[in-house]
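Shown next, in structure tokens, is the structure this report addresses.
Note that these values count all heavy atoms, side chains included, but never hydrogens, waters or copies made by symmetry. Numbers restart at 1 for each chain; the letters A, B, ... are given by sequence-line order, proteins then strands. Worth saying up front: this structure is predicted, and the values here are computed from it rather than measured.
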Amino acid sequence: MHVSTFDRYQQGTSLIHRLDPRVKVVLTLLFIVSNVLLLDGAWIAFGAAWLVLLVSNRAAHFSFGYLFKRSFIALPFALAAITVIFVQPGTPLASWSWGSRTITISDAGVIRFASIVIRSWLSVQAAILLTATTQFPDLMHALRHLRVPAILIAIISFMYRYLFVLVDEAMRLLRAREARSARLVADGKHGGTVFWRARVTGSMVGQLFVRSFERSDKVYNAMLARGYRGQLLTMNPHVMQQPDWLFLALGFGLIAALQVIGRLL
Amino acid sequence: MPIVHESDLLSQRPSANGRIQPTLEVSSLSFAYPDGHEALHGVNFVIGAGEKVALVGPNGAGKSTLMLHLNGLLHGHGALAVAGLPIVKENLPLIRSKVGMVFQNPDDQLFSPTVFDDVAFGPLHMGYPEAEVRQRVSRALAQVDMANFEERLSHHLSIGQKKRVAIATVLSMDPEILVLDEPSAGLDPRARRSLINLLRDLPLTMLVSTHDMLLVQELFPRMIVMDEGRVVADGETAVLLQDVTFLEAHGLEMPVVGNR
């Protein structure tokens, strides 16, 4: 059984796919930082940043909708910023009151909220583009080159490897439950009380945890058996080529330009 | 941290009385789990270089526990030696490079994102330089017929492919002895057949734990039968497989021949 739900990588041979993963990681991070640094209401700069994304998307041979569709996944998280609409001081646009309490929407608040949503939306698109054009192991190699602590990389790598195994296991448990969730007559009453079902679900989660725990023991044994002694070693096959340096410089330039646009226009 | 490698002379070195050391020597090995369950009672056997030996017995006979001793993952009472090297703490790094242990579930054995990373894991931790590691990886993958799979992600492989890669992960370490736990479990007939061919063609000393009696009959001239933590028989497969009463007493079956 294959679970590719988490695999965001899209096979390809475009310039973006072939770039050194370090370049992509660095530029993506810089792009995100640049988005954060843009001032509220810097609409032209936001538009320009989006344009950069669209061009990169095109260069990676993805359709226009590719990034666009996937980017909405992050919108619910941006809602966490909704309070700024009400607390930001500025010209009131509307207000409601219940007794002694008053809630006011200010123009500065709306602008800030819109800016936050756009910033996170742009940043998420950049991250999606990164993961869609870079194989996961390459990403890990890039992080290693960029001096991210080895233990963090090891944890992420293991998580990635075993996420699939774990999901498979969870699906098997679910299927086993499904297979025994029979109903005698079609009177609508089946499956026991909500409380009972919650208990079943709870013990399934527990099962999953125990299984993962036991598996971690076995994996550790398998590592020891092959000479692991507390330090994870891997090989980093990437070498920066001239196009990588050029692209890196181009990216730096574009991001600097975004900042200039954001401050001057 | 690179490991200093003793030359192969050490492993081939004849002992004081001049004879060549057997590849694996287990003498009066006993082990009890922390919960008091006694899994091994005075296990003895010797495996010579080049021998292919099956380890059979019902579930809970102590086969897996025994295997975990062979490269020092568990420590019982008694003496173990691999290629003349006693299994003690100081020798563990060297022992682990000599005992190629393949666990039953390939998802436990393949823990790296890519096939290459997994096969390179052993050699890298043995301290080989990168060029050598690369060479060992491609050789090991070629041995199990999985060349060109280097960049593949482990979780995208079929079970049969995973088993092959799992074997490659220890072949790349150039072990003295291959220790496999249930290699044919869960394989469809074709994958099982190609695994059998692979095991037959590998010129290595092997100790293989299995319930697959047809596999035993076909590949292993010698078999060790374990039950309740003891070795109850150790001898020629052809002879042992004739003794129906003995097999049934230890929860085993005669392989059904004639349907092939």
Side-chain angles (χ1 to χ4, degrees), chain A residues 1-9 11 21 134-144 150 153-169 172 211-239, chain B residues 1-3 64 67-68 70-74 92-97 99-131 133-134 137 150-159 166 169-170 172-173 175 179:
Chain A
M1 179 165 43
H2 287 317
V3 185
S4 21
T5 342
F6 304 108
D7 258 343
R8 291 293 178 227
Y9 178 70
Q11 206 81 38
T134 318
Q135 290 255 37
F136 192 85
D138 290 339
L139 267 183
M140 291 300 107
H141 284 149
L143 292 183
R144 196 180 303 273
I153 296 173
I155 291 173
I156 302 173
S157 305
F158 279 119
M159 187 203 70
Y160 176 76
R161 171 68 182 90
Y162 285 104
L163 204 54
F164 301 93
V165 177
L166 204 64
V167 167
D168 273 0
E169 210 138 67
R172 276 199 296 272
R211 286 190 195 186
S212 317
F213 188 73
E214 283 174 353
R215 182 182 293 279
S216 73
D217 223 37
K218 290 184 189 159
V219 171
Y220 184 62
N221 273 345
M223 292 171 69
L224 286 181
R226 267 143 72 198
Y228 178 73
R229 279 173 301 146
Q231 205 168 14
L232 212 54
L233 307 171
T234 54
M235 276 162 63
N236 299 323
H238 300 290
V239 181
Chain B
M1 174 167 51
I3 306 170
S64 300
M67 293 190 143
L68 289 176
L70 299 185
N71 62 3
L73 291 173
L74 290 178
L92 279 187
L94 199 56
I95 294 280
R96 285 177 180 163
S97 69
V99 180
M101 178 93 75
V102 182
F103 293 86
Q104 177 177 357
N105 186 341
D107 275 329
D108 298 337
Q109 182 91 17
L110 306 178
F111 44 73
S112 312
T114 66
V115 168
F116 178 90
D117 287 340
D118 250 319
V119 183
F121 188 94
L124 271 176
H125 284 79
M126 287 162 78
Y128 286 111
E130 297 209 348
V133 172
R134 256 175 239 288
V137 170
E150 291 192 2
E151 298 308 318
R152 293 282 285 275
L153 306 181
S154 303
H155 59 263
H156 285 167
L157 304 178
S158 73
I159 296 197
T169 61
V170 299
S172 64
M173 298 167 71
V179 179

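Taking NE2 of A:H141 as the start and OG1 of B:T114 as the end, the distance is 6.5 Å to the nearest 0.5 Å. We find the OH-NE2 distance between A:Y160 and B:H155 to be 4.0 Å, quoted to the nearest 0.5 Å.
The pair A:K218-B:D107 does not meet the salt-bridge criterion, since no charged nitrogen lies less than 4.0 angstrom from a carboxylate oxygen.
For B:S112, the part sitting under 4.5 Å from any heavy atom of chain A is the backbone (N, CA, C, O) and nothing else. Only the side chain of A:Y162 comes within contact range of chain B, with heavy atoms under 4.5 Å apart. When heavy atoms are compared at a cutoff of 4.5 Å, B:L68 approaches chain A solely by way of its side chain, counted from C-beta outward.
Looking at A:R226, its side chain never comes within 3.5 Å of a backbone N or O of B:H125 through a donor-acceptor pair.
Contact annotation: the side chain of B:F121 approaches that of A:M223 to within less than 4.5 Å [non-hydrogen atoms, C-beta and beyond]. The side-chain heavy atoms of A:Q135 and B:L153, taken from C-beta on, include a pair separated by under 4.5 Å. Residues A:L224 and B:R96 form a side-chain contact, since some pair of their non-hydrogen atoms from C-beta on lies under 4.5 Å apart.
Here B:N71 is the residue among B:N71, B:V133, B:I159 with the most heavy-atom pairs under 4.5 Å with chain A. In terms of heavy-atom pairs under 4.5 angstrom with chain A, the leader among B:L110, B:D108, B:D117, B:V179 is B:D108.
The heavy-atom pair separating A:A225 from B:M173 by the smallest distance is O-CE, 4.1 Å. Closest approach of B:Q109 and A:A222 over heavy atoms only: CA-CB, 4.1 Å.
Note: A:F158 and B:F111 have tilted aromatic rings, judged against thresholds of 30 and 60 degrees for the angle between ring planes.
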